[in-house]
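Some notes on the structure that comes next.
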Number of protein chains: 2
Amino acid sequence: MTYYSTKLDSIFQALADPTRRAVLAQLSSGPASVTDLSQDFDMALPSFMGHLKKLEDGGLITSKKHGRVRICALRPAALAPVRGWLEQQNDRWQGRLEEYVTTLAKDEDYGT
Amino acid sequence: MTYYSTKLDSIFQALADPTRRAVLAQLSSGPASVTDLSQDFDMALPSFMGHLKKLEDGGLITSKKHGRVRICALRPAALAPVRGWLEQQNDRWQGRLEEYVTTLAKDEDYGT
DNA sequence: TGAATAGTAAGTCATATGCCTAAGTAATTT
DNA sequence: AAATTACTTAGGCATATGACTTACTATTCA
């Protein structure tokens, strides 16, 4: 399995949960501490920390300790592999559409 | 949890596996039977069928039985919710960037 | 210095996931 | 009609996931 594929695995896995997507939405307003981030979620802190770990392991966020406070931030371009994959998928689909359109045009040329 | 969020859960979950992404890539060339699709994968048929079910439950493909053969096809626009979410996320990030740039401009105005 | 705050580590539980094999059913071919 | 093909169902196994509670450590505040 290529690195790219493994990367996509962990990114999509990280995104496959509403809590984690909500965290990314919050972080798009700027860096925040774990405590700040956790305010909007009705779950135990260790559970919430687990989600942050998943996001960091997927490369979507970074975190750094400042004293007793851990600050999390979005990683710009973190979702680039997702965009890349969507584009790839779309190109293949578009390629097939163009082939189909070309075939239609030929059929029309030969048609009565 | 909104329908949209649940939808994203199952789509991202479906995409969080290299086998399922590879199936989507294959189907972007056009509809195919289960047997045709499974040729490229070194796994037991029931396991492979499980992946197809996940893709179908996520709304990314459709399948229809024709006699004893089941034909699978991509659903156009199936990935629209993913694009939508990325756009949303990007807009929030861009909005913050613009706010940041505006703040910088103000600082420069007031600066010596 | 003790109290409070902000995480962190460990263990548990129920459920989900990704694979397997075996056996079965339905449709087609011989 | 029997054999073959193309799935489909069921059960099992090991691992992962998402939540919990408890207890702990590190840092800051009073």
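So that the names make sense, note that chain A is the first sequence line, chain B the second, and so on, each numbered from 1. Because the structure is a prediction, the values reported are computed rather than measured. Note that these values count all heavy atoms, side chains included, but never hydrogens, waters or copies made by symmetry.
Which of D:dC7, C:dT28, C:dT8 sits closest to the side chain of A:Pro46 comes down to C:dT8. Of the candidate nucleotides C:dG7, C:dT5, D:dC7, C:dG7 has the atom lying nearest to any side-chain atom of A:Val34. In this structure, of D:dT8, C:dA4, C:dA27, it is C:dA27 that holds the atom nearest to the side chain of B:Arg68.
Using a cut-off of 4.0 Å between Lys/Arg side-chain N and Asp/Glu carboxylate O, A:Asp9 and B:Arg21 are scored as salt-bridged.
When atom types are taken as modelled, the side chain of A:Gln89 and the backbone of B:Ser28 share no donor-acceptor pair closer than 3.5 angstrom. In this structure a side-chain-to-backbone donor-acceptor pair under 3.5 Å is missing from A:Gln13 to B:Gln13.
Mapping B:Arg70 and A:Arg20 onto DNA chain D by nearest heavy atom places B:Arg70 closer to the 5' end of the strand. Comparing B:Lys54 and B:Phe48 by the nucleotide of DNA chain C whose heavy atom lies nearest to each, the residue mapping closer to the 5' end is B:Lys54. Mapping A:Ile71 and A:Gln13 onto DNA chain C by nearest heavy atom places A:Ile71 at the nucleotide closer to the 5' end.
For the pair A:Lys65 NZ and C:dA9 C1', the computed distance is 12 Å after rounding to whole Å. A straight line from CG of B:Leu55 to C1' of C:dG18 spans 14 Å, rounded to a whole angstrom. Whole-Å rounding puts the B:Asp17 CG to D:dT15 P distance at 18 Å. Following rounding to the nearest Å, B:Leu45 (CG) and D:dT8 (P) show an atom-to-atom distance of 8 Å. If you take CG of A:Asp57 and C1' of D:dA16, they are 13 Å apart, rounded to a whole angstrom. Here C:dC19 presents its P atom at 4 Å from CE of B:Met43, a figure rounded to the nearest Å. Going from atom CG of A:Asp9 over to atom C1' of C:dG18 covers 12 Å, rounded to whole Å. A straight line from NE2 of B:His51 to P of D:dC7 spans 16 Å, rounded to a whole angstrom.
Taking 4.0 angstrom as the limit, A:Thr35 places none of its side-chain polar atoms (N or O) nearer than this to OP1 or OP2 of C:dT5. Taking side-chain N and O atoms only, B:Thr19 has no distance below 4.0 Å to OP1 or OP2 of C:dG18.
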Between A:Thr62 and A:Arg75, is a side-chain hydrogen bond (donor to acceptor under 3.5 Å, both in side chains) present by the stated rule, with each step listed?
CA-CA 6 Å; A:Thr62 56; A:Arg75 278 190 66 233; over 6 Å; no
Test side-chain contact (heavy atoms from CB on, under 4.5 Å) applied to B:Leu27 and B:Leu55, step by step
CA-CA 12 Å; B:Leu27 287 176; B:Leu55 287 170; 5.7 Å; no
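Contacts of B:Ser47 with the nucleic acid, taken as non-hydrogen atoms under 4.0 Å apart, include base atoms.
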